[in-house]
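The structure under discussion appears below in the form of structure tokens.
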Amino acid sequence: MATADSYDYLFKVLLVGDSAVGKSCLLMRFTADRFDEVTTSTIGVDFRVKYLNLGGRRVKLTVWDTAGQERFRTLTSSYYRGAQGIIFVYDVTRRETFEDLERIWMKEVDIYSNIEDAVKMVVANKVDLASTRAVSTEEGHAFARDNGCLYVETSAKVNIAVGQAFEELVQKILETP
Ligand code: GDP
């Protein structure tokens, strides 16, 4: 286990996507292994730190959350600057959040051309809500593939594949020259 201030790599990873898709919950689950049913968005951008050890490589990961700013479309270049990884999150029970990835979030990320080399991942969250699912695995997977993104299905609520998603992303960042 890596400890504070001993690391070989420092990476910045961003969470983007519509409001209420579960970005804050994913971040809490990943960094503190907690799930708070009620989350209140704070003002401004929030980030949390997580230390990982992947095959002996110690990584200090800062994961940035929009903290509700996405509702106002006020994410700025400083949010995106220097990111090695970008996680596009949608809610599998709300189809519009999936469509907004293409309609809004991929376009917004493209504007910040300095991060075109960042590793991208699509995360299909809330898969615990299987009975009200509105976007299939096949569709999510195809969208990710067509846009050069990794694809992982998660539940922040019951903790399905949350750590796996972040670790897969970091692994890909480590492999990227
Ligand atoms: P954000 O606005 O994207 O940061 O979304 P939040 O993390 O605040 O989550 C929005 C709502 O979705 C909250 O009511 C959470 O409790 C709920 N939520 C988040 N992740 C999951 C999940 O994996 N499954 C279920 N069932 N609910 C979730």
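Just so you know, ligand 1 is whichever comes first in the structure, and atom 1 is the first atom listed for that ligand. These values consider heavy atoms only, across backbone and side chains, with no hydrogens, waters or symmetry-generated copies.
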With a cut-off of 4.0 Å, which atoms of ligand 1 are near a heavy atom of [X]?
X      : answer
Cys25  : 7 (O), 9 (O), 15 (C), 19 (C), 20 (N)
Asp18  : 3 (O)
Lys157 : 22 (C), 23 (O), 24 (N), 25 (C), 26 (N)
Asp128 : 22 (C), 23 (O), 24 (N), 25 (C), 26 (N)

Counting heavy atoms only, which of Lys23, Met28, Lys126, Arg29 comes nearest to atom 28 (C) of ligand 1?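 Selected option, by shortest heavy-atom distance: Lys126.
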If you take the nearest heavy atom of each of Thr93, Asn125, Val162, Leu27, which one is closest to atom 20 (N) of ligand 1?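 Answer by nearest heavy atom: Asn125.
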Is the ring pair Phe98/Tyr90 parallel, tilted or perpendicular, if the boundaries are 30 and 60 degrees?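 Phe98 vs Tyr90 ring planes: tilted.
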Look at the rings of Phe166 and Phe30 and say which category their plane angle falls in: under 30° parallel, 30 to 60° tilted, over 60° perpendicular.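 If you compare the ring of Phe166 with that of Phe30, the planes turn out parallel.
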So does Lys23 pair up with Asp65, basic N to acidic O under 4.0 Å?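 So Lys23 does not pair with Asp65 through a salt bridge.
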Strictly below 4.0 Å, N to O, side chains only: are Lys172 and Glu168 in salt-bridge contact?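 No, no charged N to carboxylate O under 4.0 Å.
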Which heavy-atom pair separates Met106 from Cys149 by the least distance, and what is that distance?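 Minimum heavy-atom separation between Met106 and Cys149: CE-SG, 3.8 Å.
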I need the minimum non-hydrogen distance between Leu169 and Leu150, along with the two atoms involved.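 Between these two residues, the closest heavy atoms are CA-CD1, 4.2 Å.
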Could an N or O of ligand 1 be found under 3.5 Å from any N or O of Ser24, whether backbone or side chain?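 There is such a contact, yes.
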If we only count N/O pairs under 3.5 Å, is Leu129 in contact with ligand 1?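 No, since none of the N or O atoms of Leu129 sits under 3.5 Å from an N or O of ligand 1.
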